[in-house]
Amino acid sequence: VLMAETGHFAMLWQKMAEKLALEVEFLPGDWRRGADPDAIEKRLRADSEKRLKAVCVVHNETSTGVTSRIPELRKAIDAAKHPALFMVDTISSLASIDYRHDEWGVDVTVAGSQKGLMLPPGLSFNCISPGALQATKNARLPRSYWAWDEMIANGKSGYFPYTPATNLLYGLREALKMLLEEEGLDAVFARHQRHAEATRRAVRGWGLEVFALDPREYSASLTGVLMPAGHDADRARKVILEAFDLSLGTGLTKLGGKMFRIGHLGDFNDLMLMGTLAGVEMGLGLAGVPVKKEGVQAAMAYLAESRAQPKRAAA
Ligand SMILES: Cc1ncc(COP(=O)(O)O)c(C=O)c1O
């Protein structure tokens, strides 16, 4: 298995795969960029014996706010003429950032209920290509709960091979109604992009750095913020939590203390974002972090100028 090192969650996949006795090759990354199509193509070209069975990528790295370019990665696998299955974690992108399992040629997509679907944790979803379904027929890895054949056979008649989380399924029905009928997916994606842009303007207004380096890979569901040297992000997070009851994401593993994360996914609107950014601006000040008091202003100006004017009723 070739796993692109994009951050903490890629690392967790690597560890889990190793516990399952899979042989994992970690394609190194600096956590500030997404999976590199050129590096993947190069590695796959070098695998003349076709020993690599899968290329695994986290679409949106929740630990950094970096979104990998899935269509370009697919092209890289195709360019190398390699048969490896393409597997993508969309846990913090599905229903927040555009994602197309079929059109982008992904073989296995994994998603969860706890982020853009606005539900408690507890449901997970797999989307499987015909190629992946075929591969599972000969796969020797032991499996039970997630054995696709049992899921598919039971699913045909509306059943589940185990006790289903019925309450979450009712919640899912409501979440899908909100996303698909009440707002529409395109509007949901645009809302998250707009909030992400406002957040980045706030970060720059404070004189701080957005963690993601490549604008093509800016995440629409969360923004990582690099702390100035000599200031502990977790201390600032604690001050902000205690002063304003606002919980920011911590820097995970090697990023501990060095950055924090502002989430802007799910059921979120302009004023919720402004409250969040005001809390961060005030809190960084209280924590003694030298920031300019221009972030909230910049975000607010952008939200106002980019808000579509309501259509006037015809006279
Ligand atoms: C991108 C990504 N992958 C994997 C996970 C792990 O999900 P779980 O904790 O449900 O196993 C998370 C959780 O936040 C995530 O954001």
Side-chain angles (χ1 to χ4, degrees), residues 1-20 22 24 26-27 29-35 54-70 73 86-101 104 106-128 143-146 151 162 164-165 167-169 171-172 175 189 192 195-196 199 211-212 217-225 237 247-256 259-268:
V1 176
L2 185 65
M3 178 91 224
E5 181 191 359
T6 47
H8 176 79
F9 289 103
M11 215 168 73
L12 289 189
W13 279 109
Q14 175 208 23
K15 287 193 176 141
M16 185 180 71
E18 282 171 352
K19 283 185 208 159
L20 295 171
L22 289 166
V24 184
F26 219 30
L27 197 68
D30 65 3
W31 293 31
R32 296 191 71 178
R33 293 176 197 277
V55 174
C56 301
V57 174
V58 175
H59 182 210
N60 185 70
E61 245 306 342
T62 324
S63 61
T64 60
V66 175
T67 307
S68 284
R69 291 165 282 144
I70 302 301
L73 297 170
F86 188 24
M87 303 186 173
V88 181
D89 165 348
T90 63
I91 287 175
S92 60
S93 59
L94 192 81
S96 307
I97 300 172
D98 193 12
Y99 180 82
R100 297 156 192 250
H101 172 89
W104 293 354
V106 179
D107 291 295
V108 181
T109 297
V110 179
S113 52
Q114 70 264 39
K115 299 252 168 28
L117 292 172
M118 305 172 284
L119 293 166
L123 289 180
S124 181
F125 309 89
N126 287 178
C127 196
I128 321 157
R143 75 210 94 131
S144 171
Y145 192 88
W146 285 110
M151 289 278 178
Y162 305 94
N167 46 347
L168 289 177
L169 292 170
L172 178 64
F189 297 153
H192 290 315
H195 287 165
T199 304
F211 193 75
E217 297 173 339
Y218 284 155
S219 171
S221 43
L222 77 139
T223 299
V225 184
R237 284 178 53 252
S247 171
L248 297 166
T250 184
L252 291 162
T253 42
K254 72 174 189 182
L255 299 178
M259 58 93 82
F260 64 91
R261 296 170 294 145
I262 301 173
H264 34 73
L265 82 171
D267 187 19
F268 207 61

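Read the numbers this way: they start at 1 and go in the same order the structure lists the ligands and their atoms. Numbers here are sequence positions counted from 1.
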Legend entry - Test item: side-chain donor near acceptor, Y162 and S144, under 3.5 Å: yes

Legend entry - Min side-chain heavy-atom separation H192-I97 under 4.5 Å: no

Inset, instruction - Kindly give the heavy-atom pair with the smallest separation between G116 and S96, and that separation in Å. - result: CA-OG, 3.4 Å

Legend entry - Pairs where residues 107-120 contributes a residue and the test salt bridge (Lys or Arg N to Asp or Glu O under 4.0 Å) is met, not counting sequence neighbours: R74-D107

Legend entry - Heavy-atom closest contact (L255 atom, S63 atom, distance): CD1-O, 4.0 Å

Inset, instruction - Write down, by chain and number, every protein residue that brings a non-hydrogen atom to less than 4.0 Å from an atom of ligand 1. - result: F9, V58, N60, T62, D89, I91, Q114, K115

Legend entry - K15, NZ atom: more than 12 neighbouring heavy atoms under 6.0 Å: no

